[in-house]
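Just so you know, these numbers come straight off a predicted model, no measurement behind them. Letters A, B, ... are given to chains in the order of the sequence lines, protein chains preceding strands, and every chain is numbered from 1. Only heavy atoms go into these numbers, but all of them, side chains included; no hydrogens, no water, no symmetry mates.
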2 protein chains.
Amino acid sequence: MKKKLERSSLMNVGRRVDYAMRALSYLAGQPQGKIVGRIEIEKKQDIPAYYLSKIMKDLVAGGLVRSHMGSKGGFSLARPAETISIKKVYETVERPFVLMECLEKRQDYCSYCAVCTQRSIWNKAQSLLADYLERVSIRDIAAQYGLRERLAAING
Amino acid sequence: MKKKLERSSLMNVGRRVDYAMRALSYLAGQPQGKIVGRIEIEKKQDIPAYYLSKIMKDLVAGGLVRSHMGSKGGFSLARPAETISIKKVYETVERPFVLMECLEKRQDYCSYCAVCTQRSIWNKAQSLLADYLERVSIRDIAAQYGLRERLAAING
DNA sequence: TGAGTCGTAGACTTAAAGGGTCTATATTTT
DNA sequence: AAAATATAGACCCTTTAAGTCTACGACTCA
């Protein structure tokens with residue numbers, strides 16, 4: 001008789017999103033069309049080995065990044081940095097951008113949807129966030145040099 | 001050499017918050033000072049048996065709710081509904097309201113804080129959300145009747 | 001053409017978090 | 001004293017985040 005809950009943890013801004021943004025930020029900082037290998041990105045932006053693979057896969061599948069196979073292969077942005085919003089990044093590597101399941105699935109998730117007094121609040125909150133994250137893009141965080149180099153630079 | 005991560009999942013608007021708001025919403029809908037038992041709240045608002053115990057404990061500890069032990073015991077709001085913001089509820093039953101660890105812990109969480117280009121974005125996003133959820137209160141979702149009754153009512 | 005370099009796909013592991021249940025105990029009313 | 005209640009905390013199960021690794025396919029270049 002127990003209802004199965006698929007997930008309840010939402011709006012998880014965790015490592016995946018962080019790493020995706022680090023990678024995109026670095027790509028956006030390179031000369032246009034430059035192809036950068038995974039290992040270079042991992043090193044420069046301090047992303048765990050191999051982990052980046054899985055994230056890049058999503059970014060490629062989502063059309064944000066172009067991959068180049070074979071020797072001398074790597075990645076480059078698939079479109080202008082200013083057209084890649086943070087919201088888009090989040091949704092590409094994580095999941096649809098929702099604060100509460102019910103905002104999307106409605107009755108399918110919670111039978112009280114029709115009489116719920118909370119719904120409008122979370123809906124508004126979500127809009128506020130989504131609207132903002134849609135207006136900010138990878139261009140805004142582009143960086144020619146990696147985190148490691150920049151940190152070393154300010155530390156003498 | 002591996003760094004231990006305490007947590008990365010943030011801004012989890014899940015069942016705990018949902019149930020806390022259901023409970024508070026119901027208490028806020030009752031005549032002032034009325035004491036309501038846990039089981040009544042569970043039934044009326046469809047909250048899993050016993051689970052509410054743990055949530056109410058937090059709400060009591062946080063000073064949002066007053067508990068009354070013994071026979072005829074139960075709960076009542078500890079202060080006016082309009083002074084209990086949604087943000088406060090979230091922080092009372094979940095955790096500090098932060099989108100990314102680094103926004104609070106800074107260097108302690110991520111050594112690249114000083115050269116991070118993402119930080120200001122998440123900081124702004126967090127402010128937007130927090131400011132809004134601080135302006136909305138339990139009073140805005142108060143309901144005299146439980147979800148079950150209200151749903152039954154509209155279904156004929 | 002073949003060796004070496006890369007991305008792709010997906011299995012696998014571990015730790016932690018979320019959600020839920022239950023029981024023993026302390027406190028109050030009748 | 002008995003019944004009804006909150007309190008505290010142990011306990012469980014499932015899913016997720018994070019990270020690691022390997023077999024494979026595609027590409028470059030000598």
[X] side-chain proximity, nearest of [options]:
X: A/Lys72; options: C/dT29, D/dA18, D/dC29; answer: D/dC29
X: B/Arg15; options: D/dA26, C/dG19, D/dA3; answer: C/dG19
X: A/Phe75; options: D/dA6, D/dT20, C/dG7; answer: C/dG7
X: B/Tyr50; options: D/dC29, C/dC22, D/dG19; answer: C/dC22
X: B/Met69; options: C/dT5, D/dC21, D/dA6; answer: D/dA6

With respect to the phosphate group of [N], does any side-chain polar atom (N or O) of [X] fall under 4.0 Å of OP1 or OP2?
X: B/Asn12; N: C/dG18; result: yes
X: B/Arg95; N: C/dG18; result: yes
X: A/Tyr19; N: D/dA18; result: no
X: B/Ser67; N: D/dT7; result: yes

Review point. Base, sugar-phosphate, or nothing: which does B/Glu40 touch, judged by heavy atoms less than 4.0 Å apart?
Key: nothing
Exercise for review: Check for a donor-acceptor pair, side chain of A/Asp140 on one end and backbone N or O of A/Ser137 on the other, with a separation under 3.5 Å.
Suggested key: yes
Review point. So with a 6.0 Å cut-off around CZ of B/Arg139, is the heavy-atom count from everything else above 12?
Key: no
Review point. With a cut-off of 6.0 Å (strictly less than), are more than 12 heavy atoms of other residues, nucleotides or ligands near CD of B/Gln107?
Key: yes
Check your understanding: Are any of the side-chain heavy atoms of B/Val98 and B/Lys105 separated by less than 4.5 Å?
Key -> no
Length of the [atom1]-[atom2] vector between [X] and [N], whole Å:
X: B/Glu101; N: D/dA18; atom1: CD; atom2: P; answer: 11 Å
X: A/Arg66; N: C/dT8; atom1: CZ; atom2: C1'; answer: 18 Å
X: A/Ile47; N: D/dT20; atom1: CD1; atom2: P; answer: 13 Å
X: A/Ile55; N: D/dA17; atom1: CD1; atom2: P; answer: 12 Å
X: A/Ile39; N: C/dC6; atom1: CD1; atom2: P; answer: 6 Å
X: B/Lys57; N: D/dA10; atom1: NZ; atom2: P; answer: 10 Å
X: A/Arg22; N: D/dA18; atom1: CZ; atom2: P; answer: 12 Å
X: B/Tyr51; N: D/dA6; atom1: OH; atom2: C1'; answer: 18 Å

Check your understanding: Does the pair A/Asp131/A/Arg135 count as a salt bridge with the N-to-O cut at 4.0 Å?
Key -> no
Check your understanding: Side-chain donor or acceptor of A/Lys54 under 3.5 Å from a matching atom on the base of C/dG10?
Key -> no
Exercise for review: Specify the residue among A/Leu52 and B/Gly73 whose closest nucleotide of DNA chain D lies further upstream toward the 5′ end.
Suggested key: B/Gly73
